[in-house]
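Worksheet for the structure shown next.
Per chain, numbering begins at 1; letters A, B, ... match sequence-line order. Values below: every heavy atom of this structure, side chains too, minus hydrogens, waters and symmetry copies.
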Amino acid sequence: MIGLLDCNNFYASCERAFNPKLEGQPIGILSNNDGCVIARSNELKPYVPMGMPAFKIPPHIKKKITLLSSNYELYGDMSQRVFSIVQEYIYDTELYSIDEAFLHLQNKQNATEYCIALRKIIHQCTGIPVSIGLSLTKTLAKIANHVAKKNTDYQGVYFLNPDHPAFASILQQFPVTEIWGIGRRLSVKLSNMGIQTAWQLRNCDAHFLGKQFSVVMERTILELRGIPCIDLEGTHTLKKNIMTSRSFGNATNDFHDLEDIVRIHASRGAEKLRSQHSLAQAVLVFLKTNRFHKIKSQYHPSIAIPLLYPTSDTREIIQAAQNGLRRIYKKNYLYQKAGIMMLDIVGQDKNQLNIFSNTNTDEAKKRSEILMQTLDNINKKMGRNKIAFGATKSTASWNLKRNHLSQRYTTRWDELPVVKAV
DNA sequence: TGGGGATGT
DNA sequence: ACATCCC
């Protein structure tokens with residue numbers, strides 16, 4: 001039995017857990033740089049569609065609602081609290097996103113009751129409401145989760161049983177657009193073929209549509225029939241690419257700004273590599289101008305710099321990234337975004353010696369490992385970027401815009417919630 | 001007017 | 001070296 005646990009309106013619920021005044025209010029959380037609405041409380045949903053840019057919200061609506069900058073430090077910590085409880089009660093879990101986890105439930109008989117109890121504990125300990133969908137496959141568990149959220153009769157847990165008579169009618173009412181793995185583009189194509197509901201897709205020729213679209217489509221159809229094709233992924237599955245990027249608060253064409261930015265992303269990328277015990281064989285650097293400025297000329301360059309040997313050493317990754325930056329930078333453009341990607345990732349055991357390199361001797365390799373480990377340990381203990389390569393002004397104009405940030409209630413001593421006894 | 005991925009051509 | 005698709 002597969003479960004999908006999903007926190008309800010997660011970001012909004014995190015804000016409410018520490019600010020009860022927001023209870024029952026229409027609130028929205030904004031993306032980085034206070035750009036788009038990326039999370040909404042139920043009360044906001046009728047007024048503001050998902051993903052709407054903040055500047056497009058009509059003023060008379062804006063007056064009546066609360067918009068907050070995203071506070072990932074808070075959400076990340078609350079996420080850990082929720083899932084550490086989940087993992088106390090369920091051994092086999094896959095953390096799928098900041099607010100979702102797939103669960104593998106051994107005992108089919110009492111799964112629903114067990115999940116109802118788990119849900120209560122999570123709410124009691126964290127203040128976060130969650131919904132749990134149960135079924136035979138991940139794709140069906142996702143649908144079950146929608147049912148659990150929509151229908152208040154179920155106490156937040158619903159078991160979608162393919163053998164139950166209700167199964168067909170639930171899938172008949174479920175639009176293809178909302179199926180996990182079917183997005184806007186695909187649902188338009190399916191709609192043109194006359195396929196509009198999950199039930200219709202379930203009854204299609206999986207092999208034929210697999211050829212027409214992709215293996216992903218084929219698996220989705222089989223999963224809709226209750227045949228598991230997508231396993232739970234353990235923490236051991238290595239990422240094949242690692243990207244870190246960010247849009248700027250203000251566009252810039254200053255080369256030194258871009259060097260700072262690329263260095264920060266390269267350091268972060270190297271950290272991510274080390275945290276999954278892998279090495280990259282190439283680093284890709286990219287820049288982007290603002291794609292919404294139709295009039296100004298656009299430039300979206302990228303370049304992949306091969307590394308001499310697989311590495312996760314911050315210094316070498318920074319070197320490569322800055323070489324790449326130098327080669328793609330042109331001063332006549334205003335850049336809005338920059339980032340790096342780690343490519344051709346391999347396991348740490350692939351760190352073979354290279355006879356052509358005097359920086360990859362056994363001795364140098366050991367020293368690099370010790371240095372990086374020390375760096376990671378200090379930053380883990382003292383806070384991200386406590387120790388870094390090169391200094392960066394914290395007032396730089398390209399820094400994130402976050403004008404409506406709430407307190408980081410759970411991770412900063414000076415931002416703890418204050419209780420007043422009257 | 002977001003960030004992070006996988007996969008296709 | 002992109003482009004497309006998805007969450």
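- Both A:Met243 and A:Ala54 sit near DNA chain B, but only A:Ala54 has its closest nucleotide nearer the 5' end.
- At a threshold of 4.0 angstrom between heavy atoms, the contacts of A:Lys189 are confined to the sugar-phosphate backbone, with no base atom among them.
- The CZ-C1' distance, from A:Phe248 to B:dG2, rounds to 14 Å in whole Å.
- Look at A:Asn241 and you won't find any side-chain N or O under 4.0 angstrom from OP1 or OP2 of B:dG4.
- Mapping A:Val216 and A:Lys56 onto DNA chain B via the closest heavy atom, the residue that lands nearer the 5' end is A:Lys56.
- The phosphate of C:dC7 has neither OP1 nor OP2 within less than 4.0 Å of any side-chain N or O from A:Lys142.
- Distance from the side chain of A:Lys337 is smallest for B:dG3 among the nucleotides C:dC7, B:dG4, B:dG3.
- Nearest nucleotide to the A:Asn290 side chain, out of B:dT1, C:dC2, B:dA6: B:dT1.
- Here A:Ile179 lies in heavy-atom contact (under 4.0 Å) with sugar-phosphate atoms only.
- Of the possible polar contacts, none joining the A:Asp344 side chain to the A:Ala282 backbone as a donor-acceptor pair under 3.5 Å is found.
- The separation of B:dT1 from C:dC7, taken at their P atoms, amounts to 24 Å, rounded to a whole angstrom.
- B:dG5 atom P lies 16 Å from atom CG of A:Asp344, rounded to whole Å.
- Taking both residues in full, the closest heavy atoms of A:Leu238 and A:Ser278 are given as CD1-CB, 4.3 Å, listed atom of the first, atom of the second, then distance.
- Within the cation-pi definition used here (under 6.0 Å to the ring centroid, within 45° of the axis), A:Lys288 qualifies as a partner of A:Phe286.
- Here the P atom of nucleotide B:dG3 and the CD1 atom of A:Ile340 are 14 Å apart, to the nearest Å.
- Figure legend: cation-pi geometry between A:Lys189 and A:Phe213 absent, as NZ or CZ is not positioned both under 6.0 Å from the six-membered ring centre and within 45° of its axis.
- For B:dG4, the OP1/OP2 oxygens have a side-chain nitrogen or oxygen of A:Ser245 closer than 4.0 Å.
- A:Leu30 comes within 4.0 angstrom of nothing in the nucleic acid, heavy atoms only.
- A:Thr244 comes within 4.0 angstrom of sugar-phosphate atoms only, judged by non-hydrogen atoms across all strands, and of no base.
- Between A:Ile57 atom CD1 and B:dT1 atom P the separation is 13 Å, expressed in whole Å.
- A sub-4.0 Å separation between OP1 or OP2 of B:dG2 and a side-chain N or O of A:Arg402 is absent.
- Distance CD (A:Glu100) to C1' (B:dG4): 14 Å, rounded to an integer number of Å.
- A straight line from OH of A:Tyr96 to P of B:dG4 spans 16 Å, rounded to a whole angstrom.
- Listed pair A:Ser247 / B:dG3 meets the phosphate criterion, a side-chain N or O lying under 4.0 Å from OP1 or OP2.
- OP1 or OP2 of B:dG4 sits under 4.0 Å from a side-chain N or O of A:Arg246.
- In this structure, A:Gly181 reaches the sugar-phosphate backbone alone: every heavy-atom distance under 4.0 Å involves primed, P, OP1 or OP2 atoms, never a base.
- Out of C:dA1, C:dC7, B:dT1, the shortest distance to the side chain of A:Ala304 is found at C:dA1.
- Note on A:Lys239: every side-chain N or O is 4.0 Å or more away from OP1 and OP2 of B:dA6.
- Salt-bridge formation is detected for the pair A:Glu94/A:Lys138: a Lys NZ or Arg NE/NH1/NH2 atom is positioned less than 4.0 Å from an Asp or Glu carboxylate oxygen.
- Among the atoms of the strands shown, only primed sugar atoms or phosphate atoms (P, OP1, OP2) are found under 4.0 Å from some heavy atom of A:Leu186.
- Expressed to the nearest 0.5 Å, how far CD1 of A:Ile264 lies from CZ of A:Phe389 amounts to 13.5 Å.
- Counting to the nearest Å, the P atom of B:dG5 and the CD1 atom of A:Ile242 are 7 Å from each other.
- What separates OH of A:Tyr299 from C1' of C:dC2 is a distance of 14 Å, to the nearest Å.
- Of the side-chain N and O atoms in A:Asn33, none sit less than 4.0 angstrom from OP1 or OP2 of B:dT1.
- Residue contacts shown for A:Ser70 are absent, as no nucleic acid heavy atom lies under 4.0 Å away.
- A ring-centre distance under 6.0 Å is found for A:Trp180 and A:Phe102.
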